[in-house]
Amino acid sequence: MTNQHANWFPYDNNGGSCVAIAGANYCVIAADTRMSTGYNILTSEYSKISKLADKSVMASCGFQPDVKELQNRLKARNMMYLHQHNKQMSCPTMAQWLSNYLYYKRFFPFYAFNLLGGLDSQGMGCVYTYDALGSYERVGYRAKGSGSTLIMHFLDNQLKSPSPLLLPAQDAVAPLSELEAIDLVKTVFASTTERDIYTGDKLEIVVLNADGIRREFMELRKD
């Protein structure tokens, strides 16, 4: 999307940041709540995280009408799957379907940058990262959005995800407890708000584990 087109869409928000960390028995997904375009803050209370199924949550940065359309498609697909199979999609199944759909739309792609997180059939945390055309990978952690270049350096230093070329293969999970992962997410966002003007106001954290889904919030820098 060109800058000329962006001027016609007040919700062209590629700003803000989202992060996901997968652990041995949990998944943490977090994003700030600032929606902005250019140097204008449109709202400080916008959630970039959407629950798609009981064990699948997606965080997205990008053009918000595209993001909402994509989220609604995924929710509808999960509902169809529930009626056909009498169970909801697992997170790996949802990840594959999202990849297929993004690729199907490759000639007019969604301007959305997505992180899908949840629990797999063994109860292990999983995080899937995507490009706009549907290529995806299961990782232990990842960041998207305007602050991602700042966040990834910090996460790489703290977590050092194993290479997929290692033999025998290692699980793509972070070596942290759930509380340690939450504290790490709070730390990286507190730092990022000092450097990225598009990230701020409030941090929304969603935690998935065997007990279900819970949310918590933390105030961030507001200027």
Side-chain angles (χ1 to χ4, degrees), residues 1 13-14 16-24 26-31 48-81 85 88-149 151-153 155-156 159-166 169-174 181 185 206-208 213:
M1 180 175 293
N13 171 38
N14 191 28
S17 306
C18 52
V19 171
I21 299 177
Y26 69 87
C27 181
V28 176
I29 299 180
K48 300 182 177 75
I49 302 176
S50 176
K51 177 184 174 183
L52 304 178
D54 288 344
K55 295 184 179 180
S56 300
V57 173
M58 186 169 72
S60 304
C61 296
F63 181 49
Q64 291 307 309
D66 279 1
V67 169
K68 288 301 182 184
E69 171 68 14
L70 183 57
Q71 291 172 353
N72 290 337
R73 294 270 183 170
L74 290 169
K75 291 177 182 178
R77 183 62 184 179
N78 180 60
M79 187 63 65
M80 294 171 60
Y81 188 93
H85 302 280
Q88 296 192 16
M89 278 187 182
S90 66
C91 192
T93 303
M94 182 74 76
Q96 181 64 64
W97 193 89
L98 175 57
S99 174
N100 293 346
Y101 189 67
L102 289 173
Y103 185 72
Y104 169 75
K105 295 281 289 182
R106 65 191 180 278
F107 296 115
F108 192 65
F110 289 106
Y111 190 62
F113 306 95
N114 308 294
L115 289 174
L116 180 68
L119 302 177
D120 62 17
S121 56
Q122 285 76 42
M124 181 178 294
C126 50
V127 170
Y128 296 89
T129 178
Y130 294 81
D131 66 10
L133 300 183
S135 296
Y136 78 114
E137 179 185 6
R138 181 171 178 172
V139 294
Y141 59 91
R142 195 54 54 97
K144 292 285 186 179
S146 59
S148 60
T149 54
I151 296 172
M152 281 304 298
H153 296 305
L155 294 180
D156 285 336
L159 300 179
K160 295 182 175 65
S161 181
S163 169
L165 301 179
L166 290 177
Q170 299 185 32
D171 293 326
V173 295
V185 165
V206 176
V207 182
L208 298 90
I213 298 177

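No experiment lies behind these values; they were computed from the predicted model shown. Keep in mind that the numbers below use all heavy atoms, side chains included, and drop hydrogens, waters and symmetry copies.
- In this structure, NZ on Lys55 lies 13.0 Å from SG on Cys27, to the nearest 0.5 angstrom.
- Here Asn78 contributes atom CG and Ser90 contributes atom OG; the two are 10.0 Å apart, rounded to the nearest 0.5 Å.
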Practice task
Apply side-chain contact (heavy atoms from CB on, under 4.5 Å) to the pair Gln64 and Val67, showing each step before the final yes or no.
Solution key: CA-CA 5 Å; Gln64 291 307 309; Val67 169; 4.0 Å; yes
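- With rounding to the nearest 0.5 Å, the separation of CG in Leu133 from OH in Tyr104 is 15.0 Å.
- In Lys144, the NZ atom is crowded: over 12 heavy atoms of neighbouring residues, nucleotides or ligands sit closer than 6.0 Å.
- Considering all non-hydrogen atoms of both residues, Gly118 and Leu208 come closest at CA-CD2, 4.0 Å.
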Practice task
Kindly determine whether Met89 and Arg77 satisfy side-chain contact (heavy atoms from CB on, under 4.5 Å), including the steps that lead there.
Solution key: CA-CA 9 Å; Met89 278 187 182; Arg77 183 62 184 179; 3.4 Å; yes
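- Salt bridge annotation for Asp120-Arg138: present, with a cationic side-chain nitrogen under 4.0 angstrom from a carboxylate oxygen.
- Checking side-chain atoms of Thr129 against main-chain N and O of Leu115 turns up no donor-acceptor pair under 3.5 Å.
- Across every non-hydrogen atom of Gly140 and Val127, the tightest pair is O-CG2, 4.4 Å.
- Of all the heavy atoms in Val28 and Ala181, the pair that sits closest is CG2-CB, 4.2 Å.
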Practice task
Under the side-chain contact (heavy atoms from CB on, under 4.5 Å) rule, what do Leu70 and Lys105 come out as? Steps first, then yes or no, please.
Solution key: CA-CA 11 Å; Leu70 183 57; Lys105 295 281 289 182; over 6 Å; no
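- Between Met80 atom CE and His85 atom NE2 the span is 9.5 Å, to the nearest 0.5 Å.
- Aromatic ring pairs are classed by plane angle as parallel below 30°, tilted from 30° to 60° and perpendicular above 60°; the pair Tyr130 and Tyr136 is parallel.
- For the pair Leu116/Cys91, a side-chain contact is recorded, criterion being any heavy-atom separation below 4.5 Å from C-beta on.
- Looking only at distances, a side-chain donor or acceptor of Asn72 sits under 3.5 Å from a matching main-chain atom of Lys68.
- The two atoms that bring Cys61 and Cys18 nearest to each other are SG-SG, 3.7 Å, heavy atoms only.
- Looking only at side-chain heavy atoms (C-beta outward), Pro92 and Tyr128 come within less than 4.5 Å of each other.
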Problem - Pair Asn114-Ser60, side-chain contact (heavy atoms from CB on, under 4.5 Å): steps then yes or no - result: CA-CA 4 Å; Asn114 308 294; Ser60 304; 2.7 Å; yes
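- From Lys51, atom NZ reaches atom CG of Leu74 across 15.0 Å, with rounding to the nearest 0.5 Å.
- Atom CG in Leu52 sits 10.0 Å away from atom CD in Gln88 (nearest 0.5 Å).
- Contact check for Tyr141 versus Val19: no side-chain heavy atoms found under the 4.5 Å cut-off.
- Taking all atoms of both residues into account, the shortest heavy-atom contact from Val185 to Ala30 is CG1-CB, 3.4 Å.
- Not one N or O on the side chain of Gln71 forms a donor-acceptor pair closer than 3.5 Å with the backbone of Ser50.
- When atom types are taken as modelled, the side chain of Asp66 and the backbone of Ala112 share no donor-acceptor pair closer than 3.5 angstrom.
- Listed by chain and residue number, Tyr101 satisfy the ring pair (Phe, Tyr, Trp, His ring centres under 6.0 Å) test with Phe110 (two or more places apart in sequence, or in another chain).
- Of all the heavy atoms in Ala31 and Ile49, the pair that sits closest is N-CD1, 3.8 Å.
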